[in-house]
Protein chains: 2
Amino acid sequence: MLKIQDVARHAGVSAATVSRVLNGRSTVNPELAARVHSAVRELGYRPNGVARNLRRRQTTLWAVLISDVGNPFFTSLVRGVEDGGRQFGYSVVLCNTDENRAREAEYIAVALADNMAGVIISPADDSTDISALVAAGTAVVTIDRELAETEVDAVLVDNEKGAEMATAHLLESGYRRIACITGPRRMSTAMRRLRGYQRALRAFGLPSDRSLVRHADFREEGGYSAMAALLDEGVEVDAVFAANNLMTVGAVECLTERGVAIPAQVGVIGFDDIPWARLFRPGLSTVRQPTYELGRAAAQLLADRIDNPAKPAARMVLQTELHPRESSSPRAC
Amino acid sequence: MLKIQDVARHAGVSAATVSRVLNGRSTVNPELAARVHSAVRELGYRPNGVARNLRRRQTTLWAVLISDVGNPFFTSLVRGVEDGGRQFGYSVVLCNTDENRAREAEYIAVALADNMAGVIISPADDSTDISALVAAGTAVVTIDRELAETEVDAVLVDNEKGAEMATAHLLESGYRRIACITGPRRMSTAMRRLRGYQRALRAFGLPSDRSLVRHADFREEGGYSAMAALLDEGVEVDAVFAANNLMTVGAVECLTERGVAIPAQVGVIGFDDIPWARLFRPGLSTVRQPTYELGRAAAQLLADRIDNPAKPAARMVLQTELHPRESSSPRAC
DNA sequence: GATTTCCGAGCAATCGATTTCCGAACCTGG
DNA sequence: CCAGGTTCGGAAATCGATTGCTCGGAAATC
């Protein structure tokens, strides 16, 4: 591989000058600059990024820690981060943690060892330890979820309002015995969505019935078994609000399998959009999160933070959108 | 940040010894090794990866160039690569090219500049130029698609057989006027799938009718307009084989929108699985590709190639699986 | 007991670009 | 014409780990 020295020799200047021309940090005689540029072009020189990173003590990499790209929510989010990062000259290292603390810690270690410029993380739980990153001065933005301890930039959606919208929509469509399948207690998003559900009931003058609330794991199986439990226990239910996309699918599968008609017998609405939800049988009503925009926003915040490490932590909250489809059609009374 | 010298001082040995202990390249007195290990632990030392990369002239990064993680096909594939890479100690840099040659070239340049250990690429087209990578000795594996010029490791699916299976399935179900919506002519996958379709027709003793074959762009809109064109032109059609997931969705949308009953009036089968395809209205028949395994296989091949740059290029072909669902139910005659 | 062999530790060079520092050249105003 | 200031190029230090080479000392051999 060609080195900066080779270019310098070819252009008849010093390596320092080549570097200055290429990085534009300092003024260089235009004529020399032209010579350098043509030398670079002629030789096809490409600076060694690793050497540059070592010297600058900073890379152009971002680690993006999410639970699973397979989840359409994160897929689109990652795409947003990548597009945003590319704009600012960063590449994105994809880190699937599967909500696993050990995996998370492992990736944080990699980010640290490789001197990554920043980390965007959707923490597996509220107490995920990012102190090592903070200590090393690595820029961090949390996305979708917040951290209890540390004060860092965060990009969130208004979970409570979204859940409230979904529940209110069911209520307005005539459903009254609405179950809520939410996520684990230790996750802020799960709790916020539950609270939104409860708020909608309260606003409608309905008591909240604890037997209607289930905590599952944000996964397909979780939604399935929570739904199955509701049916098996004979809990009176005429609609379900599921707090994320996978659990919605799980619940729908359970209902379909057991021959429960949607929405005739049980109405369904889910948090998070699902690709092609309108092509489902029946079309699934959802509360769409602006996932791509979430990713873009996080990228912007991270880039800003890197440029200005001293600025106070920002907290962006984006709004959700209700997409009513057939699975929550107005109930014939 | 702590340096190797600090550890060396603390353990009362030289930096070289610390390095040797940590990398196990050479034998070190067990007692010294223990001292080094405890020094590392006590100080919380973490080697600087960038410095190591510079010296070793190799990083632990892989670039994965695909058109779009948003496409479920690539989502799952990337996940496979990531899992595989992690096993061998590599991290994955996600590069969405959107089938765009310029973007592709850009990412190749980044991979080169950052000295990445390897590149897994699903080339935007048969003539994508990877010569710079080859020249630099960077390990390359193509995935899903092949390159015309360069001989590199490749992981593929048996596109022809898959398409043949899909078409044969439609024929066996009683469909006779089967349209084929395939991808652009310059893409090997598109042509292979078309050939499989033709082979099935021939095997069944049916003539191939050029008006039934459409080349679209492998995107949703492409599938939609190809379908629309077929209907608008009044071509007699009783089934469609769409050569990838997005075009299948597009075709289905077009049919649904125009009130054409699936499968009563037109049967549908698509190449590539679609998440939760069984929940669609009607359940979509598909030819599933082993996407995750494709990613894992590519990871394995790349890791092998890095360890042994001289070995002859491998070519792995995985098989597809037919998943018949309602959209291709047997035709009532 | 002397010589050879072998092992392992440390010194120093190296990877390749960036950046500080210094001095030369040039400019400007008095 | 000179002092003071400015600009700009180049030499060399630096980033932090790895590794080739050297050499001391212990073990082995005669």
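Letters A, B, ... mirror the listed sequences (proteins, then strands); counts begin at 1.
- Note: CG (A/Leu54) to C1' (C/dC15) measures 9 Å, nearest angstrom.
- The phosphate of C/dG16 (OP1 or OP2) has no side-chain N or O of A/Tyr45 nearer than 4.0 angstrom.
- As rounded to whole Å, 12 Å separates atom P of D/dA12 from atom CD of A/Gln5.
- In this structure, the CG atom of A/Leu22 is 10 Å from the C1' atom of C/dA17, given to the nearest Å.
- Going from atom CZ of B/Arg46 over to atom P of D/dA17 covers 12 Å, rounded to whole Å.
- Protein atom CG of A/Asn48 is 17 Å distant from nucleotide atom P of C/dT14, rounded to whole Å.
- Regarding B/Leu32, its CG atom lies at a distance of 13 Å from the C1' atom of C/dC7, rounded to whole Å.
- Residues B/Arg9 and B/Asp6 are paired through a salt bridge, judged by an N-O separation under 4.0 Å between the basic side chain and the carboxylate.
- Remark: B/Asn29 is not in phosphate contact with C/dC7, judged by side-chain N or O atoms under 4.0 Å from OP1 or OP2.
- Between B/Arg52 and B/Asn23, the shortest heavy-atom distance links the atoms NH2-OD1, 3.7 Å.
- In this structure, CD1 on A/Ile66 lies 9.5 Å from CZ on A/Phe73, to the nearest 0.5 angstrom.
- B/Val50 comes within 4.0 angstrom of nothing in the nucleic acid, heavy atoms only.
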(request) Give the intermediate values and the outcome of side-chain contact (heavy atoms from CB on, under 4.5 Å) for residues B/Met116 and B/Tyr107. (result) CA-CA 11 Å; B/Met116 299 202 188; B/Tyr107 277 121; over 6 Å; no
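- Contact annotation: A/Arg57 does not reach the phosphate of C/dT18 (side-chain N/O to OP1 or OP2, under 4.0 Å).
- The side chain of A/Val13 sits closest to D/dG10 out of C/dA9, C/dT18, D/dG10.
- Nucleotide C/dA13 forms a Watson-Crick or G-U wobble pair with D/dT18, both donor-acceptor distances falling under 3.5 Å.
- Following rounding to the nearest Å, A/Leu43 (CG) and C/dG16 (P) show an atom-to-atom distance of 15 Å.
- One interatomic measurement links the two molecules: CZ of A/Arg56 to P of C/dT20, which rounds to 12 Å at whole-angstrom precision.
- Between A/Asn23 and C/dT18 there is a side-chain polar atom (N or O) within less than 4.0 angstrom of OP1 or OP2.
- Using a 4.0 Å heavy-atom criterion, one finds that A/Val28 contacts the sugar-phosphate atoms exclusively.
- Phosphate contact (OP1/OP2 of D/dC8, side-chain N/O of A/Thr27, threshold under 4.0 Å): present.
- Shown here for B/Gln58 and B/Ile306, the closest heavy-atom pair between the two residues is NE2-CG2, 4.2 Å.
- Within the shown strands, C/dG1 is the pairing partner of D/dC30 under the Watson-Crick or G-U definition, both distances less than 3.5 Å.
- Look at B/Ser19 and you won't find any side-chain N or O under 4.0 angstrom from OP1 or OP2 of D/dA17.
- One N or O donor and one acceptor, one from the side chain of B/Arg55 and one from the base of C/dT14, sit under 3.5 Å apart.
- Set against D/dA17, D/dA11, C/dA17, the side chain of A/Lys3 has C/dA17 as its closest nucleotide.
- Distances from the side chain of B/Ala16 to the nucleotides C/dG10, C/dT18, D/dA11 place C/dG10 closest.
- In summary, A/Glu293 and A/Arg79 do not engage in a salt bridge, as defined by a charged side-chain N under 4.0 Å from a carboxylate O.
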